[in-house]
Amino acid sequence: AAPAGSPYRVVLLGASGVGKTAFASIFAGAADSMDSDDCELCGDEASERLIEVDGEAAAVTLLDTWDAETDGEWAQDCYMQTGDAYLLLYSITDRASFLRASELRISLRRFRPAQHTPIILVGNKCDLVRRREVSVSEGRACAAVFDCKFIETSAAMQHNVWESFRGIVRQLRLRRDSK
Ligand code: GDP
């Protein structure tokens with residue numbers, strides 16, 4: 001059965017080079033579990049599909065429109081306000097991207113003070129063990145401070161990427177159910 005209501009809008013945030021495009025292609029490319037009708041590509045910056053989470057389908061639009069380097073502040077403000085939920089990515093091989101994730105988390109809080117917006121802090125590229133600059137415990141501690149969930153992923157190995165999408169849907173449902 002198709003889920004009621006409009007799709008959840010999930011926004012990918014993070015510094016350049018952390019793996020947002022890789023996440024978006026995994027999301028858009030995995031058409032195997034669904035009818036192709038269900039996968040509607042809206043240009044290359046947003047894709048919509050149904051994903052099954054805990055036995056129930058959820059319609060998700062994933063937005064990968066963020067480019068911190070080229071977009072102006074207006075565009076950033078816009079993304080900060082359009083999402084129902086956020087995957088806040090950094091690369092475990094790039095400490096600067098970890099600091100950037102903290103800044104973005106603070107901006108999100110500023111833009112959405114009232115809502116409890118689901119956010120998952122995502123430490124990507126965990127396959128690159130020898131280039132690690134941010135430890136698992138640092139990532140976890142940061143998420144605890146920022147009151148959000150935490151996961152380490154590898155888009156290259158397709159490890160935990162779907163788990164992060166499913167995690168965000170679970171949080172959105174919890175929020176919906178508590179309303
Ligand atoms: P974006 O700028 O955030 O969209 O980052 P991209 O998705 O373009 O990724 C930047 C680079 O990192 C590309 O060369 C990707 O192939 C690579 N990359 C992305 N995710 C991973 C990962 O999990 N592991 C490894 N080893 N490389 C990755």
Side-chain angles (χ1 to χ4, degrees), residues 7-33 39-49 51 60-109 111 117-143 146 148-169:
Y8 294 127
R9 295 167 66 87
V10 177
V11 179
L12 292 166
L13 289 183
S16 180
V18 296
K20 298 182 298 300
T21 308
F23 262 61
S25 4
I26 290 173
F27 182 84
D32 47 85
S33 58
C39 182
E40 174 194 324
L41 254 105
C42 332
D44 52 10
E45 33 185 46
S47 58
E48 183 181 322
R49 53 181 296 116
I51 65 175
V60 174
T61 303
L62 188 71
L63 295 142
D64 175 29
T65 40
W66 183 264
D67 190 330
E69 265 59 50
T70 58
D71 283 355
E73 238 168 68
W74 180 84
Q76 298 195 7
D77 294 1
C78 186
Y79 300 137
M80 292 284 179
Q81 286 166 85
T82 51
D84 296 315
Y86 294 84
L87 289 172
L88 188 47
L89 270 71
Y90 66 92
S91 165
I92 65 140
T93 64
D94 176 7
R95 179 161 292 276
S97 74
F98 183 59
L99 300 176
R100 181 76 187 129
S102 294
E103 287 169 14
L104 289 167
R105 175 70 187 93
I106 290 163
S107 305
L108 274 176
R109 184 178 280 167
F111 274 103
T117 307
I119 298 170
I120 300 181
L121 181 67
V122 178
N124 188 39
K125 307 199 188 184
C126 70
D127 56 296
L128 299 174
V129 281
R130 293 168 70 175
R131 287 173 50 198
R132 181 184 282 275
E133 291 183 2
V134 182
S135 71
V136 180
S137 49
E138 279 177 292
R140 202 175 284 132
C142 180
F146 285 136
C148 61
K149 300 268 185 201
F150 174 68
I151 193 168
E152 280 203 350
T153 60
S154 166
M157 311 290 285
Q158 301 224 5
H159 170 69
N160 270 353
V161 175
W162 281 104
E163 200 46 49
S164 72
F165 294 138
R166 284 193 292 266
I168 214 82
V169 168

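All ligand and atom numbering here is 1-based and tracks the order in the structure. Any value given below was found using the heavy atoms of this structure, including those in side chains, with hydrogens, waters and symmetry copies removed.
Atom 23 (O) of ligand 1 has its closest protein heavy atom at Ala155 N, 2.8 Å. Looking from atom 4 (O) of ligand 1 to the surrounding protein, the closest heavy atom is Thr21 OG1, 2.5 Å. When hydrogens are left out, the protein atom nearest atom 17 (C) of ligand 1 is Lys125 NZ, 4.0 Å; that is the closest non-hydrogen contact. Looking from atom 20 (N) of ligand 1 to the surrounding protein, the closest heavy atom is Asn124 ND2, 3.1 Å.
Contacts of Val18 with ligand 1, taken as heavy-atom pairs under 4.0 Å, involve both backbone and side chain.
The distance from ligand 1 to the heavy atoms of Lys20 drops below 4.0 Å at these ligand atoms: 1 (P), 2 (O), 3 (O), 4 (O), 5 (O), 7 (O).
For the pairing with Tyr90, the side-chain contact (heavy atoms from CB on, under 4.5 Å) check across Leu99, Leu121, Asn124 returns one residue only, Leu121.
For the pair Glu138 and Arg132, the salt-bridge criterion is not met [side-chain N within less than 4.0 Å of a carboxylate O].
If you check the side chains of Asn160 and Thr153, you find no donor sitting under 3.5 Å from an acceptor.
For ligand 1, the polar-atom distance check against Leu128 finds no nitrogen or oxygen pair separated by under 3.5 Å.
No side-chain heavy atom of Leu63 sits less than 4.5 Å from a side-chain heavy atom of Val10. Two residues are said to be in side-chain contact when any heavy atoms from C-beta on lie closer than 4.5 Å; Tyr86 and Leu108 meet this criterion.
A donor-acceptor pair is defined here as one N or O able to donate and one able to accept, closer than 3.5 Å; no such pair exists between the side chain of Arg49 and the backbone of Thr61.
Counting only non-hydrogen atoms, the option in Asn160, Val161, Asp127, Ile26 that gets closest to atom 26 (N) of ligand 1 is Asp127. Summarising the contacts of atom 2 (O) of ligand 1 with Ser25, Ala22, Gly19, Gly17, the nearest heavy atom is found in Gly17.
Less than 4.0 angstrom separates atom 15 (C) of ligand 1 from none of the non-hydrogen atoms of the protein.
A pairwise comparison of heavy atoms in Phe98 and Cys142 identifies CZ-CB, 3.7 Å as the closest pair.
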